[in-house]
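Chain letters run A, B, ... following the sequence lines, proteins first, then strands; residues in each count from 1. The figures that follow rest on heavy atoms only: side chains count, while hydrogens, waters and symmetry mates do not.
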Protein chains: 2
Amino acid sequence: MANDQLSVVFAALADPTRRAILARLAEGEATVGELAEPFEMSLPAVSKHLRVLERAGLITRGRNAQWRPCRLQAAPLRQVADWVGNYQQFFDDSYRRLDDYLDRIRHQGDTP
Amino acid sequence: MANDQLSVVFAALADPTRRAILARLAEGEATVGELAEPFEMSLPAVSKHLRVLERAGLITRGRNAQWRPCRLQAAPLRQVADWVGNYQQFFDDSYRRLDDYLDRIRHQGDTP
DNA sequence: CGTACATTGAACCGATCAGTTAATTAACCA
DNA sequence: TGGTTAATTAACTGATCGGTTCAATGTACG
């Protein structure tokens with residue numbers, strides 16, 4: 001995998017377990033054990049996922065006795081939003097073309 | 001890599017070469033040779049990148065004699081935009097917290 | 001027909017990934 | 001102090017990635 005920041009973020013997001021973890025963290029911070037609970041995989045596996053998310057800057061980890069509460073970080077998600085936002089114009093064009101197409105087939109029988 | 005659609009799309013985006021290819025295609029369709037031109041890698045390497053993008057639904061390929069023109073497809077990018085949009089609220093909260101914080105340190109000297 | 005061009009396929013390589021189990025660290029608690 | 005709990009590290013595995021080179025395919029064109 002490439003090591004530029006955006007690539008690291010996208011790679012971190014390319015896994016449903018990690019996205020589920022982010023969704024959980026959007027509701028508030030949680031410990032590793034709490035985050036692992038919904039999954040069938042081992043704890044070290046979850047720990048590795050968290051490390052991937054941390055290296056992508058998507059989460060930070062604090063310390064509270066023997067717990068390591070995780071918190072979601074918005075910045076990389078904004079990066080993603082900004083990147084995909086560059087294609088907004090393309091979305092719009094794409095929709096316009098679809099509309100045109102639908103208009104055309106809609107009026108196809110009008111002038112045979 | 002997981003094989004659910006969104007994971008496949010994110011994985012495809014987790015490479016600067018592939019993102020550069022998409023950026024190029026946002027300006028209009030192009031052949032494999034044209035797409036490969038800016039890069040130092042071999043043509044088969046670019047061909048592989050294109051296959052990854054195609055399997056993610058990010059591009060489609062047509063046929064024109066011995067050329068295979070590639071076109072950008074908006075749908076998966078919309079998927080990404082929608083996904084990240086779910087965190088918009090979190091962005092806003094995050095900004096609000098930052099604003100609060102900035103306000104606090106800004107007024108720190110006011111009431112000692 | 002034969003040759004040149006655009007692209008893909010096949011086989012291979014080293015690196016990384018996602019998971020496992022077992023051992024280790026670190027903090028609490030009685 | 002010793003035991004329990006939370007989490008990470010270490011070592012290993014099979015699969016996938018991103019790149020290479022060389023060969024094959026398919027199309028145009030003289």
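DNA chain D lies under 4.0 Å from at least one heavy atom of each of the following residues of residues 54-63 of chain B: B:Arg63. Remark: A:Thr31, A:Val32, A:Gly33 in residues 25-38 of chain A come within less than 4.0 Å of DNA chain D through at least one heavy atom. For the segment residues 44-51 of chain A, the set of residues with a heavy atom within less than 4.0 Å of an atom of DNA chain D comprises A:Pro44, A:Ser47, A:Lys48, in numerical order.
The CG atom of A:Leu35 sits 5.5 Å away from atom SG of A:Cys70, with the distance rounded to the nearest 0.5 Å. Rounding to the nearest 0.5 Å gives a distance of 10.0 Å between CG of A:Asp15 and CG of A:Leu22.
Remark: A:Thr60 engages A:Gln73 in a side chain to side chain donor-acceptor pair (under 3.5 Å) (not counting sequence neighbours). For B:Arg61, the side chain to side chain donor-acceptor pair (under 3.5 Å) test picks out B:Glu54, with sequence neighbours left out. A search for side chain to side chain donor-acceptor pair (under 3.5 Å) contacts involving B:Arg71 returns B:Glu29, not counting sequence neighbours. With sequence neighbours excluded, no residue forms a salt bridge (charged side-chain N to carboxylate O under 4.0 Å, His left out) with A:Asp82. A search for ring pair (Phe, Tyr, Trp, His ring centres under 6.0 Å) contacts involving B:Tyr87 returns B:Trp83, not counting sequence neighbours. With sequence neighbours excluded, no residue forms a side chain to side chain donor-acceptor pair (under 3.5 Å) with B:Arg68.
Rounded to whole Å, atom P of C:dA6 lies 7 Å from atom CD of B:Gln66. Between A:Met1 atom CE and D:dG18 atom P there is a gap of 10 Å when expressed in whole angstrom units. Per the geometry, CG belonging to A:Asn3 stands 12 Å off P belonging to D:dG19, to the nearest Å. Counting to the nearest Å, the P atom of C:dC17 and the CZ atom of B:Phe10 are 18 Å from each other. The CG atom of B:Asp15 sits 11 Å away from the P atom of D:dC17 (whole-angstrom rounding). The interatomic distance linking B:Leu53 (CG) with D:dC17 (P) rounds to 13 Å, in whole Å. Rounded to whole Å, the distance from CD on A:Glu40 to P on C:dA18 is 18 Å.
In this structure a side-chain-to-backbone donor-acceptor pair under 3.5 Å is missing from A:Gln79 to A:Ala74.
Two residues, A:Asn64 and A:Leu43, neighbour DNA chain C, and the one matched to the more 5' nucleotide by heavy-atom proximity is A:Leu43. Positionally, the nearest nucleotide of DNA chain D for A:Arg68 lies more toward the 5' end than for the other of A:Arg68 and B:Met41.
Contact check for B:Arg24 versus B:Arg19: no side-chain heavy atoms found under the 4.5 Å cut-off. The closest side-chain heavy-atom distance from A:Asn64 to A:Thr31 is not below 4.5 Å.
Annotation: ring pair (Phe, Tyr, Trp, His ring centres under 6.0 Å) contacts involving residues 37-70 of chain A, sequence neighbours excluded, are absent.
Cluster membership check: B:Val52 does not share its hydrophobic cluster with B:Leu25, using side-chain heavy-atom separations under 4.5 Å among Ile, Leu, Val, Met, Phe, Trp and Tyr.
Listed by chain and number, the hydrophobic cluster partners of B:Met1 are B:Val8, where partners are ILVMFWY side chains within reach of under 4.5 Å, directly or through others.
Paired runs in DNA chain D that reach 3 or more consecutive Watson-Crick or G-U pairs, where each pair keeps both distances under 3.5 Å, cover C:1-30 with D:1-30.
An OP1 or OP2 oxygen of D:dG19 is reached within less than 4.0 angstrom by no side-chain nitrogen or oxygen of B:Ser42.
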